[in-house]
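The structure appears right after this line, and notes come after that.
Naming convention: chains lettered A, B, ... in sequence-line order (proteins, then strands); numbering from 1 in each chain.
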Protein chains: 2
Amino acid sequence: MAQRGSYAKGVARREEILESALEVIGRDGYQNASLKQIAHVVGVTPAALLHYFGTKEELFTEVLRKRDEHDGMDPRLAGLADPSQGLLDVIRHNTEVPGLVELFSRLAVDAADPAHPAHAYFLERSERLREAVAAGFHRDATREPALDPDTMARVLQAVADGLQLQWMIDPTVDMAVIVEQLIDALAPRRR
Amino acid sequence: MAQRGSYAKGVARREEILESALEVIGRDGYQNASLKQIAHVVGVTPAALLHYFGTKEELFTEVLRKRDEHDGMDPRLAGLADPSQGLLDVIRHNTEVPGLVELFSRLAVDAADPAHPAHAYFLERSERLREAVAAGFHRDATREPALDPDTMARVLQAVADGLQLQWMIDPTVDMAVIVEQLIDALAPRRR
DNA sequence: GTCTATACTCTGATAGAC
DNA sequence: GTCTATCAGAGTATAGAC
């Protein structure tokens with residue numbers, strides 16, 4: 001329903017806009033990423049952006065979805081023997097794209113409003129992520145978690161998000177090391 | 001330097017503005033708290049607000065400072081035999097003022113920019129909070145932390161902030177219970 | 001379907017009158 | 001000291017050109 005043959009140009013433009021938005025946000029940060037700026041990079045007017053995404057908030061929500069797609073979030077978190085490794089990989093990678101961390105955190109706050117287009121995104125993502133982490137610990141026989149899997153997953157998600165806030169304000173904070181110590185303390189390896 | 005005798009009216013107005021802003025934000029949420037809205041409640045024009053605080057960002061930063069003042073954050077976190085109780089009290093209280101939680105989280109993101117007026121606020125607050133928590137665990141002989149006090153404090157701060165993000169999107173999340181379970185798992189009581 | 005031109009509203013901010 | 005009048009910029013809605 002979305003793309004037939006003759007809509008090829010539109011689909012390409014859509015992708016181009018998302019990529020440009022990713023680039024502008026990564027480079028100039030979120031606050032300077034106005035519709036005008038992004039439109040200028042694409043070589044188009046702000047209204048053209050709204051033609052494809054309807055609203056600025058929806059555009060940014062799609063940017064986050066594209067990011068998850070790029071990162072292959074699911075396979076990385078779901079497929080490993082040691083579930084903590086996938087999480088640590090994601091955390092280390094985020095260190096290299098501060099603008100996207102900013103966008104993610106900013107929308108996480110705005111999405112508190114149920115009417116915000118990212119509201120559903122965060123609910124779904126959160127659930128998927130927790131299921132993957134919980135399943136990982138359930139599967140991993142080498143560790144012995146001190147908390148039930150769902151609480152464990154919720155705590156890890158909270159720590160990862162909260163450390164990002166600390167890291168944005170003070171980049172010397174080493175997120176990966178702290179999460180690693182926490183996991184080892186909370187789910188020690190059996191022996 | 002800030003207040004001499006003849007500026008009494010100005011000082012009073014300043015306080016009035018902060019109290020009204022606290023009330024409006026706590027009740028109606030952050031997103032509708034424009035300068036115009038706040039000014040309307042106080043009974044002045046938006047320009048009057050800027051006369052006292054210079055910029056919107058500085059006004060909101062002062063609102064957060066006033067909140068800490070109201071809550072008596074330091075004594076609550078620093079003075080107790082069991083350091084976890086103070087933290088849990090703060091978390092439970094935050095449940096009743098969602099607008100302020102929203103404001104706090106939003107500014108925590110914006111303050112990533114070192115030029116933002118709240119940047120220094122978050123750095124200082126974060127350090128004070130971690131020192132209080134670390135000192136509390138150091139003093140508490142009934143618990144045996146599995147992590148060094150500073151990492152412990154950083155983790156608890158991150159969990160508290162991260163859970164607020166989850167709670168804003170899904171208010172059924174019980175922040176206090178999760179933090180309580182985490183503390184018991186991470187710093188079990190001796191016996 | 002794709003996009004420009006234009007205009008409208010709201011925002012935070014400034015200059016200057018009282 | 002305080003606030004009115006005004007400003008430039010944001011995001012958005014509409015009409016209509018290609």
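- In this structure a side-chain-to-backbone donor-acceptor pair under 3.5 Å is present from A/Ser34 to A/Gln37.
- When the side-chain nitrogen and oxygen atoms of A/Lys56 are compared with OP1 and OP2 of D/dG11, one or more of them lie within a distance under 4.0 Å.
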Can you check side chain to side chain donor-acceptor pair (under 3.5 Å) on A/Arg130 and A/Ser126, steps first, answer last? CA-CA 6 Å; A/Arg130 282 201 313 279; A/Ser126 186; 2.7 Å; yes
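- Set against D/dC3, C/dT4, D/dG11, the side chain of A/Val44 has C/dT4 as its closest nucleotide.
- Looking at which nucleotide of DNA chain D each of A/Lys36 and A/Ala47 is closest to, the 5′-most match is held by A/Lys36.
- Atom-to-atom, CG of B/Leu49 to C1' of D/dT4 comes out at 15 Å; the value is rounded to the nearest Å.
- For the OP1/OP2 pair of C/dG1 and a distance below 4.0 Å, the side-chain nitrogens and oxygens of A/Arg13 include no atom meeting the criterion.
- Residues A/Leu100 and A/Val90 are members of separate hydrophobic clusters, defined by side-chain heavy-atom contacts under 4.5 angstrom among Ile, Leu, Val, Met, Phe, Trp and Tyr.
- Summarising the geometry, the separation between NE2 on B/His51 and P on D/dT2 is reported as 5 Å, rounded to the nearest angstrom.
- Taking atom CZ of residue A/Arg14 and atom P of nucleotide C/dT2, one finds them 11 Å apart after rounding to whole Å.
- Residue A/Glu58 contributes atom CD, which lies 15 Å from atom P of D/dG11 at whole-angstrom precision.
- If you chain together hydrophobic residues whose side chains sit under 4.5 Å apart, B/Val63 and B/Leu123 fall into the same group.
- Dashed line: the shortest gap from a side-chain N or O of A/Thr55 to OP1 or OP2 of D/dT12 is under 4.0 Å.
- Taking 4.0 angstrom as the limit, B/Ser34 places a side-chain polar atom (N or O) nearer than this to OP1 or OP2 of C/dT11.
- Checking D/dC3, C/dA5, D/dT12 against every side-chain atom of A/Leu50, the shortest atom distance belongs to D/dT12.
- Taking side-chain N and O atoms only, B/Tyr52 has a distance below 4.0 Å to OP1 or OP2 of D/dT2.
- If you take CD of A/Gln37 and C1' of D/dG11, they are 15 Å apart, rounded to a whole angstrom.
- As rounded to whole Å, 15 Å separates atom C1' of D/dA10 from atom CG of B/Leu35.
- Of the listed residues (B/Leu147, B/Leu186, B/Leu87), just one forms a side-chain contact (heavy atoms from CB on, under 4.5 Å) with B/Leu156, and that residue is B/Leu87.
- Taking atom NE2 of residue B/His40 and atom C1' of nucleotide C/dC10, one finds them 16 Å apart after rounding to whole Å.
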